[in-house]
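Report on one structure; see the data block that follows.
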Amino acid sequence: MLSTHLGAIPGRARRVSVHIIPSLAMTFAIVSALVLTLALSLALPREVRAQTDDEKTVKAIFDERLTSGEMYYLLGDLCKNIGPRLSGSEGAERAVEWAREVMEGYGFDRVYLQEVMVPHWERGDPEQVRIVNVEEGMIELNALAIGGSVPTATTGITAEVVVVHSLEEVEELGREIIEGKIVFYNRAFDQTVIGTGAGYGGAVPQRFAGPSQAAKYGAVGVVIRSVASNFDDAPHTGGLRYADDVERIPAAALGFQSADRLVQVLDGQPDARLFMHLSSKWHPDALSHNVIGEIRGSERPDEIILVGGHLDSWDVSEGAHDDGAGTVHAIGVLRTFQQLGIRPRHTIRAVLFMNEENGLRGGIKYAEVAKETGEKHLIALESDAGGFSPRGFGATADDDVLERFRSWLPLFPQNTISYINKGGGGADIGPLRRETGTPTIGYIPDSQRAFDYHHAPTDVFETVNRRELELGGASIATLIYLIDKYGLQDEKAQ
Ligand SMILES: [Zn+2]
């Protein structure tokens, strides 16, 4: 029986019990694996066998994460008891207090808040987007306002629809066709790409820049096919950026099936019109915080190894994968060191950034302060790609640093981490790299399901697998452990 509880957060303790009945086949598999491991270790060259201390520590890190499941329960607490936490909202402020309470509860060496002013946008009433003037009377579509969208008139807008697949197509059609219409960006997520981040990147300009591009040619509103890989009808929000020199027009994202329906109806019924009603609202900037916790280094306390995720989420979801997973991964590194009694040489700092989703103010503020105070960051790692099974890391660092990281790959059990890409980081730590030249690392989990949930109401705790989340946490803790122990370069000369 495995038993665990979350004792550090008063009143939030959870206890689960899992009974495991090993089958004969499982016993055989375990024995075979042990024999194989022994045979392999005898076959290894001496320099690899010499790494047994590291192997033991890495095994302890993975064992701790997989057996306690503590970060999984912490994530459940964040998702279910705090929930959505868009910048400026009450939920975001509760998340800040939650994170501080969790890290203070663990008794990390130092826990503090860093003030940052954040944008404050509210969605308002549930969106209404429907096809009208059709045989069916009207057809309701599943839609979410794109984050940052201005509202429609209080009575809504109704207009003819022009279907396009790119920003360029809007320009080609020109004012003659676009003026007075609602532009429907119908570019689909490219299902042929294996790394889904590239599929997302290919389609996201329609969400980010599409509204202003349409407004430039006189459009009165925009709908897009959600930038997402799922085939259900969950719409996906996300941010947009209005250009300064054109009118701000309302914009909404349609679920996959709703987008299909709109295409189908427009094909058969040319008199169809689209009705949109959004009641979103912009408020003045609000005071919020990055939440920071650290374990002080024993030898080089003034050199910081940063591990971060973002605490804010979109308003329509629990932000379980985006980025509750990164939040607990960051806390988990400190917690794992604490639980295993690993006293780091450098200061290990967990930074839970505010406002990644619609402004990046937390990351920008953090970098500003780091530059002003001259704090030295050895390296910064971000987890913001979901709580899925680990695959690799990407690092923006010198080639010799990449080679050093690659030499550690055999230490990650069962190829949990099997590659180190050149180039990587995260949105929140990008400003730190630009301001101070700090090298950055991004955690890369399996990406196949990430954009099914990303920015959608379906990004909930139930979609997170405990083992996958904890394997990610263990992989990140392992890399941080090795960086702390060996540095980025040989330190012999120093
Ligand atoms: Zn994120």
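Every number for a ligand or one of its atoms is a count from 1 in the order of the listing. Model, not experiment: these values are computed from the prediction. Side-chain atoms are counted along with the backbone in the values below, which use heavy atoms only and exclude waters and symmetry mates.
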Is any N, O or S atom of [X] under 2.8 Å away from the Zn ion (ligand 1)?
| X | result |
| --- | --- |
| D323 | no |
| D322 | yes |
| H310 | yes |

query: Within 45° of the axis and under 6.0 Å from the centre of the six-membered ring of Y185, does NZ or CZ of R207 qualify?
result: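 No.
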message: A cation-pi test, strictly: NZ or CZ of R449 under 6.0 Å from the centre of the six-membered ring of Y453 and no more than 45 degrees from its axis. Yes or no?
response: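 Geometry flag: not set, cation outside 6.0 Å or 45°.
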query: What is the name of the N/O/S atom in D384 that sits closest to the Zn ion (ligand 1)?
result: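 Within D384, restricted to N, O or S, the Zn ion (ligand 1) is closest to atom OD1.
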field: Single hit among E318, R94, R85 for side chain to side chain contact (heavy atoms under 4.5 Å, CB included) with L78
entry: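 Between L78 and the candidates, side chain to side chain contact (heavy atoms under 4.5 Å, CB included) is satisfied uniquely by R85.
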message: For E247, is the CD atom crowded, meaning more than 12 foreign heavy atoms sit under 6.0 Å from it?
response: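 Not more than 12 within 6.0 Å, no.
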